[in-house]
2 protein chains.
Amino acid sequence: MKPTIYDVAKKAGVSIATVSKVVNNTGNISDRTRKKVMKVMQELEYQPSSLAAALTGKRTFTIGVLVPDIANPFFAEVARALENYARETGYAMILCSTDYQRKREQDYLELLMKKQVDGIIIATEPKDLSAFRKLQSRHIPFLMFSIDHLALPSHVVTTDDIRGGYLAGRYLLDKGHRRLAIIAELSRPSGRLRLEGFKQALSDQGIELESPFIIDAISKVEDAKLASQKLLHLPEKPTGVFATTDLIAVVFMNEARKLHVQVPGDISVIGFDNTIHAEIADPGLTTIAQPIDDLARYAVYKLLESIEKPEMPGHRIMLAPALVERQSVKDLKDQYS
Amino acid sequence: MKPTIYDVAKKAGVSIATVSKVVNNTGNISDRTRKKVMKVMQELEYQPSSLAAALTGKRTFTIGVLVPDIANPFFAEVARALENYARETGYAMILCSTDYQRKREQDYLELLMKKQVDGIIIATEPKDLSAFRKLQSRHIPFLMFSIDHLALPSHVVTTDDIRGGYLAGRYLLDKGHRRLAIIAELSRPSGRLRLEGFKQALSDQGIELESPFIIDAISKVEDAKLASQKLLHLPEKPTGVFATTDLIAVVFMNEARKLHVQVPGDISVIGFDNTIHAEIADPGLTTIAQPIDDLARYAVYKLLESIEKPEMPGHRIMLAPALVERQSVKDLKDQYS
DNA sequence: GAAATAAAGTTAAGCGCTTTACTTACTATT
DNA sequence: AATAGTAAGTAAAGCGCTTAACTTTATTTC
C-alpha cells in the first residue's frame, strides 16, 4: 500500500504535523529531526498525496487547457509550449479538445470544475458564454489564449493578428507585388483580423483589395483545395497570395503546381503560423510566425498570477508576430531572380 | 463559495449521506426525496468535488498519458484519439511530453503518482525501468502504447510494425519494383521492425536488400534531408524507396524534386503513419496507416479493465496496419502510366 | 393487530493532509 | 536564580466526501 503521512510519522517517531512541516518547509524544525524524517521518507518512498493536500485548501496544481483540436499542428505546438511552462512551475495540464462543439466545451468545463483545477487556459472560441460566467462566479481564473473575447473580463494573451496581416501585405508590396489576393478563414475572428491588416497594408499604398481577390476558406485540405482552384482560375491572376494559415498556403502551392503555375516563379505565396508545414513545404514557405513560445509563457504566468491574486483585473497582452523568410515569395524588383 | 454536500443537505432538509446516495445512485432513496435533493442541487449548482470523493478510496477518474512530444503530428493524433475514448468514459487526461529525456520521464511519473491517477498510458520508450517497477509495486496500472517492452509485464497495444514494413515491401514489389531502398529510423525499435518486415518481403521474392540501400535517419527535417541526399546520390538509384515515417518520405520527395528526380516518375516513395503530411504532400503520399483510432480504443479500454481488475496479466495486442494508396508509387508494369 | 421484513434515512468514522492553538524545552537577560 | 523570550514539537479540528452500521418508518404476513 502507498505509505501515508502516518506511516512516516510513526516510523520516524514524530507527529504527523512535524512530517507535514518537513514536507512543506514550514514552521520550526530542528536539523536533526528534519534529517531523520527525510530519511524515513526516502526509505518508504513516501509521496504526499496532492489530493489530500488540495482538500485542505491548497492548490490542486492542475490547470485545464481547452483547444479546438490537439491533432491540429498549430494547437499541438501551443499545447506543447503551455505544457513546458506549466511543468516548470509544478503544474499538471489536463488537455481538452472541444472539437468546436458546444456540448464538448460544456462537458469539459464541468469536468474541470469538478476536478477543482486552479485555472483554465482557453484557446478555443467560446460557444457558451454562460459556462464562462459560471467560471467567473466560482472565481476560477481563466485566460483567453490567442482568442479575443471582449465580453469576458479575463486576461487575454494573443497574437496581434492585424499586425500579422499587415506584415504579410507589406512584405509582398516591398517585393514589388501589386496584384494581390488573399485566402482567408473568414469564419474565424483571427482570419478576419488578418484580412483587415492585409487590407490596411495595401491601402497604405493606395491599393484596394477587390472582392474577387478575397476568398473564404476553412483551414482543411478539401476546402483549401477548392478555394485555391477558385483563385487559380481567376481571369487575371494575382502575383502574390496571402493565405491566413500555413495549411491553406501549402495546399495552394500544390494546386498551383498541378496547373503548372510555378511558386514563386509565377505566383508568390505567404502563409501564417509557421507550423511544421511551412518548414517541410517545397519551396519553403515564407510565413508569419506566431510567437507561440512567448504567448505560452505569458499565458501560464498570467494565469498563475491571477490564481494568486484573483482580484486582478484582466490584462490584454498582444504579442507581435514575426516574418519568417523562406523561398515562396519572389522579388519582382530583382530581375535576376 | 462553491457549495458543498452540507449546503445541499441543509437546504434539502436531509442528511449528507442521503445527498451522497442521490448523487451516486446508491442505496435506497424514495422518489420524493430524490427529486427534492436534485432540485436543490440544481438551484445551488452543486458539483461534487471529485477530490474529496477520490480521497475516500474512489477513483480519481484521471489518467496520465506519456508521449515523447505532443508537437509531433503523429503523437498529436494519438493524443486526440486517446482523449476521445477517455472522455467517453468520464476520464480526464493529463498530458506529458517527455521529450525523450529521462529526467522529464521521471518527473512526470512522480507527478502522476502524486496526483493518484488511476492509470497511465505510455507511448514513449522507457528510459528508466526502475521508475516503471515502482509503478508496478504501487499497483498503478499502465499500458505500453505503440511501444513494445518485453521487460515490462504490462498490457501492450501496438501496431504490427513488421507487418507494416512487409506491406510496404510487397506493395512496391507488386508494382514491379525490384531495385529498392529504405530510409529507416534505426535508432528506434519501430524503425528496426519496419526494416525487418521490409527485408522479409524482399527475401520472399529472393531479393536481398544490400547495405548501401539501407539508410539510417532520424525523423527530423534536417536529418531526413541528409539521408535523402545520400540516397539520391547513389551511383545506382533505386526505383522505389520506403521511408519509415511520413516526414522522412515527404522530405525525400522535396529533395528529389530539387534534383529534378520525378516522384513517382523516376522514383516511387512509400511512407509510414498516414499523418497529415501524407495527405498534404504532392503527389499524395502512399503510406502505411497505423490504426490509431483502434489502438487508442483498445488502449483506453484495456487500461480501464486493469484498473478494475488489477491482477489481470498483461495482454499483448498487435493491430494490423493498412496500406493507404495515393499517388507516390508508379506501377512499372503499366506502360501507360 | 402483533411480529417480521423491507424500505428510507441517519450517525459517525475515516480517507490523508494542513494548520491553529497549544505545550514543552531551551537560551538569553538581568 | 527568576523571568522573558524563542525554538521545537504536538494535539486536534477540519477539508468534502463515502460507507458500514444503525435507527426509524412503512409494509407485509398470518
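Chain A is the first sequence line, chain B the second, and so forth, proteins listed ahead of strands; every chain is numbered from 1.
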Do Glu77(A) and Thr275(A) get their side chains close enough for a donor-acceptor pair, meaning under 3.5 Å? no

Listed pairs, N/O of protein and of nucleotides 18-21 of chain D, under 3.5 Å:
unit_1	atom_1	unit_2	atom_2	d
dT18(D)	OP1	Asn24(B)	OD1	3.4
dT18(D)	OP1	Asn24(B)	ND2	3.0
dT18(D)	OP2	Ser20(B)	OG	2.5
dT18(D)	OP2	Asn24(B)	ND2	3.4
dT18(D)	O4'	Thr56(B)	OG1	3.2

Is Ser30(B) near enough to dG9(C) that one of its side-chain N or O atoms lies under 4.0 angstrom from OP1 or OP2? yes

Residues forming a side chain to side chain donor-acceptor pair (under 3.5 Å) with His139(A), sequence neighbours excluded: none

Without decimals, in angstroms, what is the distance between Lys2(B) NZ and dC17(D) P? 7 Å

Donor + acceptor pair across side chains of Glu105(A), Thr98(A) (<3.5 Å): no

Applying a 4.0 Å non-hydrogen cut-off, can you work out what Thr18(A) is touching in the nucleic acid: base, sugar-phosphate, or nothing? base

Do NZ/NE/NH1/NH2 and the carboxylate oxygens of Arg104(B) and Glu83(A) come within less than 4.0 Å? yes

Between Glu45(B) and Lys2(B), is there a salt bridge with N-O shorter than 4.0 Å? no

For a quick check of understanding: with a heavy-atom distance under 4.0 Å over all strands, which category does Thr4(B) fall into, base, sugar-phosphate or nothing? sugar-phosphate

Between CG of Asn28(A) and P of dT27(C) the distance, given in whole Å, is 15 Å

Rounded to whole Å, CD1 of Ile29(B) lies from P of dT24(D) at a distance of 18 Å

May I have the distance from Arg34(B) (atom CZ) to dA8(C) (atom C1'), rounded to whole angstrom? 11 Å

Students should find that the end-to-end axis angle of the helix from dG1(C)-dC30(D) to dT30(C)-dA1(D), with five pairs defining each axis and rounding to 10 degrees, is 40°

Counting any heavy atom closer than 4.0 Å, what does Thr33(A) reach on the DNA or RNA strands: base, sugar-phosphate only, or nothing? sugar-phosphate

